[in-house]
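Atoms considered below: every heavy atom in the structure, side chains included; atoms not considered: hydrogens, waters and symmetry mates.
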Amino acid sequence: MTDYSEEQRNELEALESIYPDSFTVLSEKPTTFTITVTSEAGENDETVQTTLKFTYREKYPDETPLYEIVSQENLDDNDVMDIIKLLEQQAEENLGMVMIFTLVSAVQEKLNEIVDQIKTRREEEKKQKEREAEEEEKQRFHGTPVTIENFLSWKAKFDAELLEIKRKKMKEEEQAGKNKLSGKQLFEMDHNLDTSDIQFLEE
């Protein structure tokens with residue numbers, strides 16, 4: 001008959017010596033502990049990290065342990081989902097054997113992959129931004145193709161603006177007194193001036 005508690009105790013001791021800095025026991029009954037897993041540093045020293053929490057079930061390792069991600073750094077939701085799926089798959093494959101080290105190692109590998117992907121993702125984003133900037137630049141120089149409709153609508157607007165400018169100018173000139181009439185214009189407008197000289201002579 002399998003002595004589950006003996007197997008669990010032995011695994012715990014092994015884990016404590018393998019992960020001295022990142023292994024923490026949270027409770028004895030049921031045995032619950034966390035292990036923090038950090039990726040290797042990426043190109044710009046970026047790392048991703050997750051803390052996994054495991055709880056032994058009574059008949060572990062003939063039953064899978066309970067596991068969850070209690071915290072994470074620099075991982076997006078898809079990455080977290082992938083890690084959960086990976087743990088599920090590894091736990092099923094290793095049923096009947098103590099498996100925590102195997103599970104943690106699989107997550108460690110996954111995190112290293114994610115760091116590499118972050119580099120690729122950044123490069124992709126950078127390229128995408130450059131492409132968008134180029135497109136924008138092209139659009140600026142390309143402008144709007146001219147059709148009869150948009151030319152006529154532009155011309156109507158342009159003429160209206162021109163008319164408005166002329167009106168303003170005339171008003172300004174009137175106010176500034178620039179619109180004084182010449183002698184000839186006055187003469188043509190005011191017919192009393194026709195006879196004014198004659199009257200002056202008669203006097």
### Query
Take atom CD in Glu130; do more than 12 heavy atoms of anything else shown fall under 6.0 Å from it?
yes
### Atom CG of Leu163: over 12 foreign heavy atoms under 6.0 Å
yes
### Query
Taking side chain as C-beta onward, heavy atoms only, is Phe54 less than 4.5 Å from Tyr60?
no
### Query
Relative to the ring of Phe33, is the ring of Tyr56 parallel (under 30°), tilted (30 to 60°) or perpendicular (over 60°)?
perpendicular
### Task
Please answer whether the main-chain N or O of Asp116 pairs with a side-chain N or O of Thr120 as donor and acceptor at a distance below 3.5 Å.
yes
### Message
Which heavy atom of Ala14 sits nearest to which heavy atom of Ser17, and what is that distance?
### Response
O-OG, 2.8 Å
### Message
For Glu6 and Arg9: C-alpha separation, side-chain torsions, deciding distance, then whether salt bridge (Lys or Arg N to Asp or Glu O under 4.0 Å) applies.
### Response
CA-CA 5 Å; Glu6 176 71 18; Arg9 238 192 338 270; 2.8 Å; yes
#### Entry: 4.5 Å side-chain heavy-atom contact, Ile100 and Pro65
yes
### Message
Is it true that Ser71 and Thr51 share a donor-acceptor pair across their side chains at a distance under 3.5 Å?
### Response
yes
### Ile114 side chain near Leu75 side chain, heavy-atom distance below 4.5 Å
yes
### Query
Does CG in Asp77 sit with more than 12 non-hydrogen atoms of other residues, nucleotides or ligands closer than 6.0 Å?
no
### Query
With no hydrogens and no angle check, do the side chains of Gln89 and Glu93 hold a donor and an acceptor under 3.5 Å apart?
yes
### Task
Identify the heavy atoms of Ile84 and Tyr67 that sit nearest to each other, and give their distance.
O-CE1, 4.4 Å
### Query
Which pair of non-hydrogen atoms, one from Gln49 and one from Thr36, has the smallest distance, and what is that distance?
NE2-CG2, 3.5 Å
### Query
Just wondering, do Val48 and Glu73 contact through their side chains at under 4.5 Å, heavy atoms?
no
### Query
Between Thr50 and Leu52, is any pair of side-chain heavy atoms under 4.5 Å apart?
yes
### Message
Tell me the closest heavy-atom pair linking Glu40 and Asn112, and the distance in Å.
### Response
N-OD1, 2.8 Å
### Message
Please find the pair of heavy atoms, one from Lys53 and one from Thr32, that lie closest to each other, and give the distance.
### Response
CE-CG2, 3.6 Å
### Flag if over 12 foreign heavy atoms under 6.0 Å of CD, Glu132
yes
### Message
One pair to check against salt bridge (Lys or Arg N to Asp or Glu O under 4.0 Å): Glu172 and Lys169. What are the steps and the verdict?
### Response
CA-CA 5 Å; Glu172 281 167 15; Lys169 203 171 176 192; over 6 Å; no
### Message
For Glu63 versus Arg57, what's the shortest heavy-atom pair and its separation?
### Response
OE1-CB, 3.3 Å
### Message
Whether Glu164 and Arg167 form a salt bridge (side-chain N of Lys/Arg under 4.0 Å from carboxylate O of Asp/Glu) is what I want to check.
### Response
yes
### Task
Using a 4.5 Å cut-off on heavy atoms from C-beta on, say whether the side chain of Ile83 contacts that of Ile69.
yes
### Within-4.5 Å side-chain heavy-atom neighbours: Glu11 and Glu7
no
### Query
Of all residues at least two apart in sequence or in a different chain, which pass the side-chain contact (heavy atoms from CB on, under 4.5 Å) check with Asn150?
Thr144, Val146, Thr147
